[in-house]
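Keep in mind the model is a prediction, meaning the values are calculated, not measured.
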Amino acid sequence: MDPCQGLRLVLPPGPLDRDRPARRGQGPGRPGDHLHRRRRAEAGRAHQPAALRRPHAGQLHLPGHDAAARRRRPHRHPRRRRADPARPAGRVRHRGPRLADQLGERRRHRLHRGRRPMTTPASPVRTRFCPSPTGMVHVGLLRTALFNWAHARHTGGAFVFRIEDTDAARDSEESYRHLLDCLRWLGLDWDEGPEVGGPHGPYRQSERAEVYRDVAAKLVEAGHAYESFSTNEEVEARRLAAGQDPKLGYDNADRFLTDAQKAAFRAEGRDPVLRLRMPDEDLVWTDLVRGEVRFAAGSVPDFVLVRGNGAPLYPFVNPVDDALMGITDVLRGEDLLPSTPRQLALYAALTDVGVASGTPRFGHLPYVTGEGSKKLSKRDPQSNVDVYRERGFLPEGFANYLALLGWSIAEDRDVFSMAEMVEAFDVTRVSANPARFDVKKAEAINATHVRELPVEEFVARVVPFLAGAGLVADPPSPEQDRVLRTIAPLAQERTVVLSDAVGLLGFLFTEEVAIDPAAAAKNLRPEDGEVLDAAAGALRDLADWSAAGIEQALKSALVDGLGRKPRQAFGPVRVAVSGRTVSPPLYESIELLGRERTLARLAAARDTARDTSRDTSRGTAG
RNA sequence: GCCCCCAUCGUCUAGUGGUCCAGGACGUCGCCCUUUCAAGGCGGUAGCACGGGUUCGAACCCCGUUGGGGGCACCA
């Protein structure tokens, strides 16, 4: 299996090409455009302005194996233009040029290097998500999962889920379960991984120990890895002695130890670590989101693959598993960017010993930040996905917001479904800027999704929250169900997160309502007593107990009878009945509540209004 | 200290040399609608970090400065 070799440098626009109208509801379609443009792109390649023919991001950079990668391309071009049906065909970007063109073009366009368009690789894309189960699920982590998933789904590739549980001290079965649960909650499914299986298992690193042992042995045998006996103290001392900054790290001093030297160290009782010999070339790759990134030769020291006690480390096992699992595209957090040179070097070595068959593409996703501009800390409660689940964010609403953290579907739209995301998602259009997690915006996006829910669906989703608060049974009783279905359409548009329903609808499912003190202070003042009395009078013997009948009775009693403005007339009644200033529409609420409970609440509110009076006079006197 | 990444309204973004006195969304402010609160509708506020270059033309390409962030483990 060769995940990467098949990546071609030139691809005609294919079925997965993004050069098609991806937006919906964007005015009249232009059915001919796609074909038309495609024809132009193919036939007109030679006539394209040279600047539009840019190399793409799909080639593999194997350090030392790719002459093009070593060529210095000191400039960068930002990002590619999105294909837009409305644009003149001549501006439409197609896939990359042929290799010959590409090299020639690089010479001609040294001023335009940088992020290149994603190719649709000849071999299917395989992405992965590989968290370690060490605690709560971070919103940034889930965003990474979402982007990997969307990239795989968009390209028709596979999404692999692997658990990196090599740190027994921090990993727990509980957080492992929780991780799976969160992915499923968000609607992400994986083609290979835990509980699903697949041809490259096991998918938990804790079960792959012998794999790493074998690979490590191969690397040593081929001379890519070597035993290193230096202690940190010794390294530091050598750096200091040489007048260098000890922060430079390991000095590669053990690269050429003789067998006799090694034996002497062992005789001292030292256990060597295994280090990878870093190459002498610059380490360069074309990042899917950032364009070319280069680390100078010699700037990254030989790093540890396997501990002295034989335990393999993350920088080793991660690429090994990626290679073995045929991963072609690695989308991960920006925090991993500085470790990419090491991975590149490892990949070259793994390829040399036949474990890997090429280097994957890398894309480093921007940080998700919190208040200020610091990376959202794991300690920050805002970063915990559970908080949003518990508040009743819809998975589709939350996923929508997560997608907006670094990506946008169109310039005039930011509410979309997962299916629409999959259709439109393009990694190379992910922003490189850090994105602030904005709860307000997340809520606004979620509220839109809530409103778009079919009513029955809204009811179904809200029931667990109501039941959790002890308001209804789960499943609701027939009577509760009737009330719920009736009020749902009116409550839905007032719901931002599902847990809002508890406060909004609670009054319908209890005998006595607790009145919000702030609402009482505002709408149950002494002078509001007359309203409550009049309302009770109007409703006590009302023959037509319907929303319309109630409306008529209240209007004539309060507005006409007392001469109050609607606002002054209905506010107190609303608070009396629902306990809050925000509730579903009043007449419907009263109808559902029934005569008995309504009259009881009006009477109770009457007392509250008197109390308010006493409080007020006391306050004034004091 | 060394290395790397980033730089458009308060926030997230669109923008890839002329179609931009910069578009959308969230927030915010005002108005309308209205039975409170929402929702909805309409309108307003607010931004290309700075300095050089390249070019007939720069938010966009290049260099530098400044600012912000991250990484420098026998953690993942």
Worksheet item: So, A/Tyr388 versus A/Tyr401, ring centres under 6.0 angstrom or not?
Response: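 They do not qualify: ring centres at least 6.0 Å apart.
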Rounding to an integer number of angstrom, what distance separates [N] and [M] when you compare their [atom1] atoms?
{"N": "B/C48", "M": "B/C21", "atom1": "P", "result": "15 Å"}
{"N": "B/U13", "M": "B/A76", "atom1": "P", "result": "31 Å"}
{"N": "B/C72", "M": "B/G17", "atom1": "C1'", "result": "39 Å"}
{"N": "B/G15", "M": "B/U34", "atom1": "C1'", "result": "40 Å"}
{"N": "B/A73", "M": "B/C63", "atom1": "P", "result": "30 Å"}
{"N": "B/C20", "M": "B/G41", "atom1": "C1'", "result": "28 Å"}
{"N": "B/C9", "M": "B/A59", "atom1": "C1'", "result": "13 Å"}
{"N": "B/U8", "M": "B/G23", "atom1": "C1'", "result": "11 Å"}

Paired with [N]: which nucleotide, if any, by Watson-Crick or G-U wobble criteria at under 3.5 Å for both distances?
{"N": "B/U28", "result": "B/G44"}
{"N": "B/C50", "result": "B/G64"}
{"N": "B/U34", "result": "none"}
{"N": "B/G1", "result": "B/C72"}

Atom pair distance, as rounded to whole Å: [atom1] in [X] and [atom2] in [N]:
{"X": "A/Glu551", "N": "B/U34", "atom1": "CD", "atom2": "P", "answer": "13 Å"}
{"X": "A/Arg494", "N": "B/G40", "atom1": "CZ", "atom2": "P", "answer": "12 Å"}
{"X": "A/Glu493", "N": "B/A39", "atom1": "CD", "atom2": "P", "answer": "10 Å"}
{"X": "A/Arg332", "N": "B/C4", "atom1": "CZ", "atom2": "C1'", "answer": "13 Å"}
{"X": "A/Glu292", "N": "B/C61", "atom1": "CD", "atom2": "C1'", "answer": "16 Å"}
{"X": "A/Asp516", "N": "B/C37", "atom1": "CG", "atom2": "P", "answer": "15 Å"}
{"X": "A/Leu240", "N": "B/C2", "atom1": "CG", "atom2": "C1'", "answer": "15 Å"}
{"X": "A/Gln492", "N": "B/G40", "atom1": "CD", "atom2": "P", "answer": "13 Å"}

Worksheet item: So how far is it from A/Leu365 CG to A/Asn148 CG, rounded to the nearest 0.5 Å?
Response: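 Here the rounded value is 7.0 Å.
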Of all the nucleotides listed ([options]), which has the minimum atom distance to the side chain of [X]?
{"X": "A/Leu337", "options": "B/G40, B/A14, B/C4", "result": "B/C4"}
{"X": "A/Pro566", "options": "B/U35, B/C26, B/A25", "result": "B/U35"}
{"X": "A/Asn433", "options": "B/C6, B/C3, B/U11", "result": "B/C6"}

Discussion item. Classify A/Phe437 by what it touches in the nucleic acid, base, sugar-phosphate, or nothing, heavy-atom distance under 4.0 Å.
Written reply: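 It contacts nothing in the nucleic acid.
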Discussion item. What contact category does A/Arg436 fall into here, base, sugar-phosphate, or nothing, at under 4.0 angstrom with non-hydrogen atoms?
Written reply: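 Sugar-phosphate: the residue A/Arg436, judged by heavy atoms under 4.0 Å, touches backbone atoms but no base.
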Practice prompt. Between protein and nucleotides 67-76 of chain B, map the contacts as a letter string: B base, S sugar-phosphate only, - none, heavy atoms under 4.0 Å, written 5' to 3'.
Written response: -SSSS--BBB
Worksheet item: Is any N or O donor-acceptor pair between the side chain of A/Arg567 and the base of B/U34 shorter than 3.5 Å?
Response: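 By the distance-only test, no, there is no pair.
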Item to complete: State whether the distance check finds a donor on one side and an acceptor on the other, under 3.5 Å, for side chain A/Arg290 versus base B/C5.
Response: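 Not at all, since no donor on one side and acceptor on the other fall under 3.5 Å apart.
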Please answer whether the main-chain N or O of [Y] pairs with a side-chain N or O of [X] as donor and acceptor at a distance below 3.5 Å.
{"X": "A/Arg451", "Y": "A/Thr495", "answer": "no"}
{"X": "A/Arg239", "Y": "A/Tyr250", "answer": "yes"}
{"X": "A/Arg162", "Y": "A/Gln205", "answer": "no"}

Discussion item. Distance alone, cut at 3.5 Å: any donor-acceptor contact between the side chains of A/Tyr212 and A/Asp321?
Written reply: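 Looking only at side-chain atoms, A/Asp321 and A/Tyr212 do form a donor-acceptor pair, the distance falling under 3.5 Å.
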Discussion item. When you compare the side chains of A/Arg332 and A/Thr340, does any donor N or O come within less than 3.5 Å of an acceptor on the partner?
Written reply: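 Per modelled atom types, A/Arg332 and A/Thr340 side chains form a pair under 3.5 Å.
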Item to complete: Measure up the A/Phe425 and A/Trp407 rings against each other and bin them: parallel (under 30°), tilted (30 to 60°), perpendicular (over 60°).
Response: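 Correct class here is tilted.
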Worksheet item: So which one's nearest nucleotide on RNA chain B is more toward 5', A/Ala442 or A/Trp407?
Response: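 Final value for this comparison: A/Trp407.
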Fill in: Residue met sooner reading RNA chain B from 5', once A/Phe295 and A/Arg580 are mapped to nucleotides
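The 5'-side residue here is A/Phe295.
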Worksheet item: Taking all atoms of both residues into account, what is the closest heavy-atom pair of A/Met136 and A/Ser383, and its distance?
Response: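 In this case the closest contact between A/Met136 and A/Ser383 is CE-OG, 3.1 Å.
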